[in-house]
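As structure tokens, the structure follows; a few thoughts come after it.
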Amino acid sequence: MHKLMVPFGPAHPALPEPVYLKLFLDGEEIEDVDFSVGYNHKGIEKALEETDYFKNVFLSGRICGICSSAHSTCYTLGVEKLLNIEIPDKAKFIRVIVSELERLHSHLLWLGLLGHEMGFDTLFMLAFREREYVLESLELITGKRVVHDINMIGGVRRDLSHEIMVKLVKNLEILEGKVEYLRKLVRKDSLIRRRTLRIGKLDKRDVEELCLVGPVARASGVLYDIRRADKYLAYDDLNFKIVTQKKGDASARTLVRVREMLESLRLARLAIAFIEPGPIKVKPFLIFPEKEVISRVEAPRGELIYYIRSNGTDKPARVKIRTPTYANLISLKKILVGHTLADVPVAVASLDPCLSCTDRVTIVKNGKEKIIKWEDLHDHEHH
Amino acid sequence: MELKEELNLIGKIYREEEKEVWSIVPYKKIRDVIEDVFLSRINRISSISGYDNGKEIEVIYHFVKDNSLINIKVLVPKKLNKIETITDLFPGAFLLERELSEMLGIKIIGHPKPGKLFLPENWKGKPPLRKG
Amino acid sequence: MLHVIVDDYGDDLKIAEKIRKYCQRKSPWIFHFDTGSCNGCDIELLAAMSPKYDFERFGCLLKGSPRHADIFLVTGPVTRKCKDRLVNLYEQIPEPKVVIAMGACAVSKGIFQNAYGVCGPLDKIIPVDVYISGCPAKPEAIIDGIRKGVEILTRKSG
């Protein structure tokens, strides 16, 4: 029995960094996991200290292309706390609509990639086709499909006219039918069930010890959602359900995300109904007190937390960002140990690192290296 | 004793808001305070922030209890430049401490796996987030 | 005994070359590498593959190995950790090849002008043939960029 070390990565996951995984195998079973990150490290926290608060809104939105609005919302909420500004109600609801549509697009993207990892490319194409409705809606509201830049310090950049709201409601109605179909598919399809049941099990104790966040935590029964905990923006006025499951395996995480898609649709429609005419921004006083603040939002992958420290100048003294995938990375060992190499793609994808690993794998066997592609790993699954 | 009273006794609560408590604790007592936090069954740590204010490195532990944030700040003198790990009580701090150590150059005593996280192996500069 | 006499390679090679050039033009295969991008451009690339925009109807495929590729599509402002891998991958792609820099970060470092972890836009490290700008680049722009890349590829093949 050889002991193999299979390193894979660097790939492109998560907002933060692509993960370089080292899997220690005994035969086909994984005994230990080590990982290293840093391939995406650009030095953004330092760059945020060298740019003024207003330009930083755009910089923070480009930390991650998938949860761009979550980052920029968290940053602007922090700065608005610093300056003690209260933004108008209409701006709050517009931010909620963009955040929920972003959650929807992120979960649909994830569903497509999960299908791809399983070899179920039809699911990939289906999920991406339905996702186009979400991107069209976002383009109607913000003018851009992916990196929205809707926030400004003091409110939002663009208003929501009546015509746009009518089109939005129509798009969301069409989407509801499509997402409902995907939910039935995920619950009943035997292929998806066989590939995700009992994979990557995390029980409640693991989640609490390792301080995991997001759908990963909620799939193990831990009720932790910042929208309920912090009640930021307009979430206090909107009635919604926090989706949880008990099993904590990959199928539970799938179900949590699909049900969250339906909740997000509901929330977006509710928020549109609440919108009343009014201003969309306030003009902030440009006096920055020496203060430190914390702001938290529920990004699609979990709790996103910003620590902003100001020293009285027009540039922040320190911005510390802790992203949700970063918090969930330590669960990799618990998720993968005991499984076979063939289950690794689905198990890692169930964590939802921003994009699934697409890079090459090297197998070191008896000191000789052989490079195999990530796609060859899929062939492994068919013996 | 309730945690807030404890924090006020050992350290000082310098800011209190609706859902946040900010307290500062003396360097020598930080380990005791962390143990008390653990014993009062607060088991979620959200983040660890570090800031170089010129004279010392401020290390802030952000704990979450129910829906409130408990922020505990400790000033690490630059001459000593080290702090004890909390991963034995809070395994979730594993990556957070490594990042703190890498970006601000503090040694974390007792960390199970110290080493570079984000920076390339051949990085030859001072820790990026140190000032001056 | 079987004798196989091959006396004139000329015509066979010419036909083989013609077939290769036709296939490259009609079905360019793409290898994508992310050198530290925020993933915005990467998901727009995936969207370009999805049913609404569908670049697969032009014969383009996203492949996992550089040795199968005609087009090298790079996103991201090239972080320090990715630089050597980038050059390594570039050298593995067989000639003739086309390099496409996709997104504002690959074209000009984009918004990360001051970031210490970034070593310069793509054309400082490898030669670039097509630039697709946008933050992120829209799927229509990506398809247009690939089309331009294929034109350049056809010219390079002679």
Side-chain angles (χ1 to χ4, degrees), chain A residues 16-17 34-47 49 81 205-213 217 222 224-226 228-232 291-296 302-309 311 316-331 333-334, chain B residues 14-15 17-22 38 41-54 57-71 73 87 89-96 98-100 102-104 112-113 115-121 123 125 127-131:
Chain A
E17 297 69 27
D34 188 17
F35 58 84
S36 97
V37 292
Y39 296 93
N40 220 330
H41 182 73
K42 297 182 274 276
I44 292 186
E45 288 183 5
K46 183 98 187 155
E49 290 176 19
K81 244 184 182 175
R205 222 174 60 96
D206 295 322
V207 169
E208 288 175 346
E209 250 180 37
L210 299 172
C211 305
L212 305 179
V213 294
V222 174
Y224 189 53
D225 190 323
I226 306 295
R228 192 52 68 75
D230 247 8
K231 297 201 174 75
Y232 60 96
K291 203 171 152 191
E292 51 193 352
V293 289
I294 292 236
S295 57
R296 303 192 289 165
E303 172 195 27
L304 177 62
I305 179 168
Y306 268 60
Y307 165 79
I308 305 180
R309 169 76 168 254
N311 57 7
R318 177 81 172 102
V319 179
K320 163 79 173 79
I321 307 168
R322 199 280 276 139
T323 57
T325 303
Y326 186 67
N328 284 346
L329 271 181
I330 27 176
S331 66
K333 182 164 171 170
K334 191 85 195 357
Chain B
Y14 65 90
R15 188 166 129 204
E17 279 167 30
E18 194 191 319
K19 280 182 172 176
E20 292 176 19
V21 168
W22 295 78
F38 178 71
R41 273 177 290 151
I42 294 174
N43 57 1
R44 180 173 279 273
I45 178 159
S46 268
S47 182
I48 302 179
S49 312
Y51 175 57
D52 176 354
N53 68 10
I57 311 274
E58 301 185 14
V59 174
I60 310 172
Y61 296 93
H62 305 283
F63 294 101
V64 174
K65 179 170 176 73
D66 301 326
N67 294 335
S68 339
L69 276 165
I70 299 176
N71 308 294
K73 186 189 283 201
T87 48
L89 299 169
F90 295 94
F94 181 80
L95 282 181
L96 300 169
R98 255 173 95 176
E99 182 186 354
L100 180 74
E102 185 181 35
M103 290 289 143
L104 282 152
K113 203 171 182 298
K116 289 230 175 328
L117 198 61
F118 296 121
L119 296 172
E121 283 88 25
W123 177 267
L129 288 171
R130 285 271 183 134
K131 313 269 190 192

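Lettering follows sequence order; numbering is per chain, from 1.
- Residues satisfying the side-chain hydrogen bond (donor to acceptor under 3.5 Å, both in side chains) criterion with K81(A), sequence neighbours excluded, are E20(B).
- Contact of I60(B) with chain A is made through the side chain alone, with heavy-atom distances under 4.5 Å.
- Under a 3.5 Å cut-off, the side chain of R309(A) and the backbone N or O of K291(A) do not form any donor-acceptor pair.
- Here the side chains of R44(B) and F63(B) are not in contact, with every heavy-atom distance at 4.5 Å or above.
- For chain B, the nearby part of E49(A) is the side chain; its heavy atoms alone come within less than 4.5 Å.
- Remark: Y224(A) engages R296(A), E303(A) in a side-chain hydrogen bond (donor to acceptor under 3.5 Å, both in side chains) (not counting sequence neighbours).
- Highest contact tally toward chain B, considering only I305(A), L212(A), I294(A), is held by I294(A) [criterion: heavy-atom pairs under 4.5 Å].
- For chain B, the nearby parts of L210(A) are the backbone and the side chain; heavy atoms of each come within less than 4.5 Å.
- Listed for the R322(A) side chain is no donor-acceptor partner under 3.5 Å among the backbone atoms of L304(A).
- For L69(B), the part lying near chain A is the side chain, with the backbone staying farther off; criterion is any non-hydrogen pair under 4.5 Å.
- Comparing F90(B), W22(B), F94(B) by heavy-atom pairs within less than 4.5 Å of chain A, the highest count is held by W22(B).
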